[in-house]
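Every chain is numbered from 1 and lettered A, B, ... according to where its sequence line falls, protein lines coming before strand lines. Since the model is a prediction, treat every value here as computed from it, not as a measurement. Heavy-atom basis, side chains included; hydrogens, waters and symmetry copies ignored.
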Amino acid sequence: MGHISRYETEVLIIGGGATGTSIMRDCALRGIKCMLLDKNDIASGTTGRNHGLLHSGARYAVTDSESAHECIQENKILKKIASHCVDKTDGLFITLPEDDLSFQSTFIHACSSVGIDTQKLTPEEALKLEPNVNPSLLGAVKVPDGTLDPFRLCASNVLDAKKYGAQIFTYSVVQSFIRAGERIIGASCLNVRTNEKFEIFAHEVINAAGIWGKNICQYADLDVQMFPAKGSLLVLEHRINELVINRCRKPADADILVPGDSISLIGTTSEEIDYSEIDSLRVTDQEVNILIAEGAKLAPILEKTRILRAYAGVRPLVDVSGGNGRNISRGIVLLDHAQRDGLTGLTSILGGKLMTCRLMAEMTTDVVAKKLGNNSPCTTHLQPLPGSVETADKQPQKKTALTSKAAAYRHGEKAVQLFDQSAKGKSIVCECEMVSVGEIEYAIKKLDVTNLVDLRRRTRLGMGSCQGELCTYRASGLFCEYGQCSGHDSSKLLIHFLEERWKGIKPVLFDDALREAEFTYWIYEGLFGAADVTLLGTAQNDEKKEYYEI
Amino acid sequence: MKFDSIIIGGGIAGYTAGLRCLEAGLKTAIISNGQSALHFSSGSIDLLSHTPTGKIIRNPEAVFEKFAREFPEHPYSKVGKEIVFESLDWYKKILASAGIPLTHQENGDNHFRITPLGTLKSTWMSQPYIYQLPVRLEEHQVQRIIVVQIDNFRDFNSKMVSDNLSQIPEFKDIKIKNVSVSIDGFSGLKRNPCELRSIDIARILSDDHEISLFAEKLKKIASPDDILILPAITGNGDGLAVLNKLHQLTGLTIHEVPTMPPSLLGIRLEEAMSRLFINNGGALLKGDQVTKGDMAEDGDTLRLKSIYTRNFKEMPLTAANFILASGSFFSKGFKAHYNQIKEPVFDLDLNTIEERKSWHQEQFFSQKSHPFLSIGIKTNTAFNPMHKGVVVNNLFCTGSSLAGYDPIAQGCGSGVAISTGYYSVNQMLNNSGVNR
Ligand SMILES: Cc1cc2nc3c(=O)[nH]c(=O)nc-3n(C[C@H](O)[C@H](O)[C@H](O)COP(=O)(O)OP(=O)(O)OC[C@H]3O[C@@H](n4cnc5c(N)ncnc54)[C@H](O)[C@@H]3O)c2cc1C
Ligand SMILES: Cc1cc2nc3c(=O)[nH]c(=O)nc-3n(C[C@H](O)[C@H](O)[C@H](O)COP(=O)(O)OP(=O)(O)OC[C@H]3O[C@@H](n4cnc5c(N)ncnc54)[C@H](O)[C@@H]3O)c2cc1C
């Protein structure tokens, strides 16, 4: 006991979201040794709790041309290097009777001035392209919006970076920095699963902790003000739209409907919250109301569609005023703390968007590489991610009948060739999302999956209409086989998954969601007695039981 | 169409009422839409395992009077001890005549059944191949437990059973073993043998040769003193016949646990009741849904004159008496709208909860039960419901459509269904309004 493991690397990256994993890949491709830490799983922060919209930039064209410009540039790059994470759906900006139709020309003009292609459509043309769009629309503009799967993007970044020697530690939280005078030389960390402490020493540390970046700065006694803005979304049972649908007006609440694999997402609300609330986000009844009402204006069918779950994320907005007043940036904020605060060894990359993660990584790695004396140029915009290589230029398939196709879409064909090809390996565990035993084995062994929620993020198991009702039981058994879990631990994984799922169901516990919840409760508690599993082996289990006697 | 009694819903409550009506010589129809909760149930009859305040009940019979005094809103308290036990006796006889003998502890105690997660659930009456562990667990006689993993069958995991079981303090000193067994019939199938559900395996094992090969394998891994835990993979359409044969061939002490749905244990009960109902002359309208009813004033009460269904459209179905056994949310006996919960056929009065956020607990598996599970129809002591405050005098509510209890937390789902189904028919027969 008392022994603390120590690691050494050139760059330590804090945060395994889109930003952190993109930096990890960028460093690795430039030949910089790096390690990435996340207190949870990859893509479990804001990266896994957004709209997944691959903006064309059109949304910002009128109000923020710099963001619009970044978006269209990255939009084009990601379509090439991350084709397996992108669905080139295109997007519509529709004008409804309550909107001002004259905004359309302002919009089209602003788009073309930053290089975003537009195509003006009549209501009939729009309805033909998107039969579920509100038929009372007055007009529509088509833009090259798309969707971006953040889970797949992060996993591919990590997979590629590991190929070049980068290392990742999930479920490892940075607790403090190790300093040598005015220099950060490493971090003290804790593995929250094993409760083991360890230290990582690095020449440069990068803070890519998103909204938690303020805390990280505090560990270095630096003051960075962040303003968390909560946004809530609803997941609909099936894909009700093929194109992204936006309103052609200035950005507002609940005005984007995004399709994604087998579902659609309506969002988002926007509410400034206190920083102390960022770890306990709650979707309120009122937000659910607004989302349904506003969403139905985009596609009236939404009102009759079952809602699977609700979730919320926080936009990591940074105050860039430097302490005098309030100047909140919605853009990318790169803080070189050596320049800004006289503290060397630490760089923060905050703000931005999911879809600008590669650009943010390039900007950050440029700064850090220079300090390390590395002159290799950035190549992340040229080299396709694993999984994108073989499918590049092909239209990504939607849900297909064949598991291997679904898996190839998720991980790339090269990876699928590694899957167990026996009857067992090919057998399907999750019918909604066509996840096979072989894919789960691959995820557990190769993709740093430690529980069923991680597995869900890597494979979409349990993300479809059944929400993992039955397939997670089957999958939890596989953790015994491939993840060296005991039967007791794997049943706890199952319960952990169902508790996590409950968080998203509670806000929408009516209609079929309530029916499903009753069913799930009957199966797992009534039939399987799950609640007792967590008590087994604990003191509570031995507590004196209270009997009812005469 | 005209009947003496019409029952809405074909779960355990509906069939109980239906079979009782036939016994009383009434011309009876059951209208049932979709699968009942039995398809997902343990196939054991839960009587009463906990009080609404969470105390453990070991012998429901012994504490019944005290319980009825303390919890007068519970359906059992309205039915009364005598009828509750009379109904269970009756149910036992009926099921035995249909080839499913149910047994309980002689002293009236509950017993534990081992669940698919290796935990213990208290129940009262079980099918023959459920090993009844004493609720006074320290008195158990178990020496060794063998848990059978069927090769390539994903809907049952033996390690979860064995690893959790071995953490139960009373089982500290007994041997618990996992053994894998293959079923020969899996090879040579056209479909992937690793994707079979329990119901598919039941089809394979209904073959005499297959079951004897399987029996040979089991004999090698266990002896009669062991408890052999098997997933429920027999008896789709043939009740207990295959299990009886397996028992004969091996002489082993088999304990069946339900698998991921469908649960063959529950299906067995439904099939047995449904066969009896048809054989005894009942009219079973399966796959049809009651959509609405016609009520008329009858003094200061209401009377249900007729009902309409999806299939019969505008043709009314009339009866002297009606029984509502339409289950809860899962069976669509209730519908939850954004801000309120409704009974969808007659808009009967519910003991509903105003705010949606109070329908549930924070944690899914909390020690406290979810309030939505106790939501149900308000009734008088004869189980007549109310529509906008006025009693409907010839409609009787049963089973999980009733308010005032939580079937899971109190471990009483099937017991309430049987006793209220039985009692409602008594009330109906007593009903001065009965004019056949
Ligand atoms: C509602 C909503 C909708 C959005 N929609 C879109 C959209 O459609 N398109 C788009 O491009 N962008 C969108 N965004 C923005 C986008 O989601 C974020 O900008 C982006 O995901 C931020 O990624 P990140 O990697 O910087 O941060 P995060 O994903 O939050 O990653 C930070 C990581 O750091 C980890 N961490 C924190 N503290 C520590 C510690 N002490 N030790 C170790 N690890 C730590 C966290 O666990 C987390 O995983 C949306 C945002 C919101 C809130
Ligand atoms: C998934 C699940 C598992 C359960 N497992 C157990 C268990 O293991 N042990 C236990 O004791 N209890 C269990 N229960 C509890 C159950 O509530 C009772 O035990 C009992 O099965 C309830 O029987 P019921 O006849 O009242 O309702 P149900 O079994 O729900 O039957 C109601 C029937 O009515 C039909 N119906 C509904 N509306 C209409 C209409 N308008 N027209 C026509 N038909 C209609 C439905 O389709 C259904 O077939 C379970 C419940 C559920 C939901």
Rounding to 0.5 Å, atoms OH (A/Y547) and CD1 (B/I56) come to a distance of 5.0 Å
Only residue of A/L514, A/D512, A/D511 satisfying side chain to side chain contact (heavy atoms under 4.5 Å, CB included) with B/F329 is A/L514
When rounded to the nearest 0.5 Å, the distance separating OG1 of A/T284 from NZ of B/K357 is 9.5 Å
Okay, A/E500 and chain B: the region with an atom under 4.5 Å from a heavy atom over there is neither
B/I341 vs A/F510, side chain to side chain contact (heavy atoms under 4.5 Å, CB included): CA-CA, chis, key distance, verdict
CA-CA 9 Å; B/I341 293 171; A/F510 52 92; over 6 Å; no
Okay, A/L470 and chain B: the region with an atom under 4.5 Å from a heavy atom over there is both
Checked A/R501, A/E549, A/R515 vs chain B; the most non-hydrogen pairs under 4.5 Å come from A/R515
Note: A/E525-B/K121 ion pair, threshold 4.0 Å (strictly below): yes
The interface call for B/H50 against chain A, heavy-atom contacts under 4.5 Å, is neither
Checked B/K55, B/R191, B/R58, B/H337 vs chain A; the most non-hydrogen pairs under 4.5 Å come from B/R58
- [ ] Find out whether A/W522 and B/S41 are in side-chain contact, i.e. whether some heavy atom of one side chain is under 4.5 Å from a heavy atom of the other.
- [x] no
So, the part of A/S422 with a heavy atom under 4.5 Å from chain B: the answer is neither
Honestly, the part of A/T534 sitting under 4.5 Å from a heavy atom of chain B is neither
